[in-house]
Every structure is written in structure tokens, then in C-alpha cells.
Amino acid sequence: MSTYVYGITAGSHSSLPEELAGVGDPARPLRTVAGGGLTAIVSDAPEGLRPKRRDLLAHQTVLSEAGAGGSVLPMRFGSLAPDDDAVAQVLQERAEHYRERLAALDGRVEYNIKATHNEEAVLYRVMSENPELRALAESNRRSGGGSHEDKLRLGEMVAQAVQRLESTDADEVRRQLEPAAEAVSPGPDSTGWLANVSFLVPRDGSARFVEAVDEVRKNNPHLELRVNGPLPPYSFVEPGPAEPARTPSGTVAAEE
């Protein structure tokens, strides 16, 4: 049976509450694996593990309880190793790296920011800032909508202008929020977002970071920002001791 890995702590980390359990239905009992002066919080991995909300919450609860007792390196949901011996071996081999990460991430949290455009607001901005677009749109309007070619040309020009603005805004969101963070980790590109970035923030600096996000919103009304945090600093731990579990499609997505 595979070993499910929740997180890594120092060997001197306080023990978890006895009643705390992990993922699975029924919930799998927790245990620890030692190696290199470190401790990994683990359990047996359920068969056919998928990211259901119950298991996502269980994973998060284990990390929250562990974090209450000291610094913890959180593994992403679905992190598996072949067995406990494999976990111990990785702890031993990468002990120096994990100790450095434990020290660097102590008292830090992660905020993930996803940005997208408000379609109506960004279209207004693109048109107001581009005289050529306005002239073509007005010409089409006066001619009853314009020819098929004129409509295509206008649509292509608008799409190109929006694409340029997406790139500019993605850089701007990161630039404006970086001063309120200690580190930045770009997330994977995904459809629907012009920016997906995680920021490492001191826990006692969370209010300052949230204020910076509000300032970005205020100064950029054409942007919509989604804030997720504070989170365990998942994006600043890698490389981890295990690979994320995958669904048959090769992706991990939350389920009911």
C-alpha cells in the first residue's frame, strides 16, 4: 500500500492530537516517519484517491494542526510515496534542503492571486485608448455594421489589443504586489486567467499584503482579482518527497 505524505517537520516537532485522522473513508490513522533528523506526517493512501472535498479538508486540517506546533513543510494534496521506507530515504537524502526550507518558511504563509479582465471594462479601456479602433468601429456603425471583412478586421484588432493588455496587466499585478511579499512563485498557465501567481508573506504581514491587493483593485478597475489565502506555503516547498497523485485524465480537480 502506498504512503500518503501530508508534510515534513523538524524531528523535535510536537506530536499531533491522538484523535486527528487523515484522508480516506474511513479516515486513515496518522503516523510519522523519521529520517535525517526530520519527521514526515503520513498515513496509508486510500485506494482510488481523488480530490473530494472531504479529503481536501482532511489534508488541510492535518497541516493546520501540525502548523500549530511549529514550522511544517506542506505537501500538496495527493502526494504519494511507494512506502514508508521510500519517505525515510528521501528525508535522509534531502535533509539539508528540508531544514533550510523549514527555517525559511517558518512564520510564513502563501497567498495565491488569480487575475482576469472584466470584459466590459477592458473593452471600454481598449476602445478609449486606441483611436484607430474607435475610427473603425464608428465607420462600421455608420455603414450599417460594415462589411464582413470590416467586422473581421475590427474583431481581430480588438482581440490583439486585449491580448497585449493581458500581458501588460499580468506583469503589473506581480510588480505591484512583490514589495509586500518575500518571494514569488508563478503558477501554471490556465485558461481564463491572465495571471496566476503565489506570494510568500510573513504571517504578521498578511494585513499589509491584503491592503496591497486592494490597492491594485482600486487602481485597475478593469481587473478582477481572486485571493486565496492565507495558505500553507505549498508553492515554496518543492522539490517534495513524492509525486502528486493523478486522476485518469492526468489532472487533479476538486470534486463534490
Side-chain angles (χ1 to χ4, degrees), residues 1-106 108-110 112 185 187-188 198 231-256:
M1 180 176 291
S2 298
T3 297
Y4 186 101
V5 186
Y6 299 85
I8 298 170
T9 70
S12 58
H13 193 278
S14 59
S15 59
L16 295 172
E18 291 185 5
E19 67 275 10
L20 188 64
V23 297
D25 186 16
R28 301 308 193 261
L30 299 175
R31 60 181 183 273
T32 57
V33 175
L38 301 166
T39 297
I41 304 167
V42 306
S43 71
D44 289 340
E47 292 287 339
L49 177 67
R50 298 179 69 88
K52 296 182 179 179
R53 295 193 184 280
R54 177 187 62 242
D55 288 329
L56 291 168
L57 180 59
H59 181 93
Q60 183 66 41
T61 299
V62 170
L63 289 173
S64 296
E65 290 289 345
S71 183
V72 58
L73 300 183
M75 296 296 107
R76 294 186 183 277
F77 177 88
S79 293
L80 303 179
D83 52 37
D84 286 9
D85 289 341
V87 175
Q89 181 178 349
V90 174
L91 290 179
Q92 187 70 40
E93 292 173 350
R94 299 195 56 79
E96 183 177 353
H97 166 77
Y98 290 136
R99 281 195 290 268
E100 183 276 328
R101 289 286 80 198
L102 279 168
L105 299 180
D106 188 23
R108 274 74 175 173
V109 294
E110 174 178 333
N112 175 258
S185 176
S198 289
L231 302 167
Y234 297 107
S235 300
F236 302 90
V237 175
E238 299 298 340
E243 292 297 323
R246 297 296 178 183
T247 66
S249 64
T251 60
V252 176
E255 300 175 347
E256 295 295 342

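Nothing here was measured: the structure is a model prediction, and the numbers come from that model.
- Note: L56 CG to T61 OG1 = 10.5 Å, rounded to the nearest 0.5 Å.
- Residues I8 and V237 are not in side-chain contact: their nearest non-hydrogen atoms beyond the backbone lie 4.5 Å or more apart.
- The minimum heavy-atom distance between A21 and V62, with the atom names listed, is O-CG2, 3.6 Å.
- Counting only distance, with no hydrogens or angles, the side chain of S185 and the backbone of F236 share no donor-acceptor pair below 3.5 Å.
- When atom types are taken as modelled, the side chain of E110 and the backbone of S235 share a donor-acceptor pair closer than 3.5 angstrom.
- Residue T39 comes nearest to A10 through the heavy atom pair OG1-O, 4.0 Å, listed as atom of the first residue, atom of the second, then distance.
- Here the straight-line distance linking atom CD of E65 with atom CD1 of I41 works out to 10.0 Å at 0.5 Å rounding.
- At distances below 3.5 Å, not a single donor-acceptor pair connects side-chain atoms of Y6 with backbone N or O atoms of M75.
- Here the OH-OG distance, from Y234 to S79, works out to 9.5 Å after rounding to the nearest 0.5 Å.
- Nearest heavy atom pair, residue L80 against residue A45, reads CD2-CB, 3.7 Å.
- Looking only at side-chain heavy atoms (C-beta outward), Y4 and V42 stay at 4.5 Å or farther from each other.
- For R108, the salt bridge (charged side-chain N to carboxylate O under 4.0 Å, His left out) test picks out E182, with sequence neighbours left out.
- The side-chain contact (heavy atoms from CB on, under 4.5 Å) test applied to A58 returns V23, not counting sequence neighbours.
- For the residue pair S198 and N112, a side-chain donor N or O sits within less than 3.5 Å of a side-chain acceptor on the partner.
- Heavy atoms only, all atoms of each residue included: G24 and R54 are closest at O-NE, 4.2 Å.
- Summarising the geometry of L38 relative to A95, their closest heavy-atom pair is CD1-CA, 3.8 Å, with the distance given to 0.1 Å.
- D55 has no carboxylate O lying under 4.0 Å from a charged side-chain N of R50, or vice versa, which leaves the two without a salt bridge.
- Rounding to the nearest 0.5 Å gives a distance of 12.0 Å between CG of L63 and CZ of R76.
- When every heavy atom of V87 is checked against every heavy atom of A81, the shortest pair comes out as CG2-CB, 3.5 Å.
- Note that the OG atom of S43 and the NE2 atom of H59 stand 10.5 Å from one another [nearest 0.5 Å].
- Counting heavy atoms from C-beta outward, D84 and R31 have side chains that approach closer than 4.5 Å.
- Here side chain to side chain donor-acceptor pair (under 3.5 Å) pairs that include residues 18-28, with residues two or more places apart or in two chains, number zero.
- Atoms OH and CD, from Y98 and Q92 in turn, are 12.5 Å apart once rounded to the nearest 0.5 Å.
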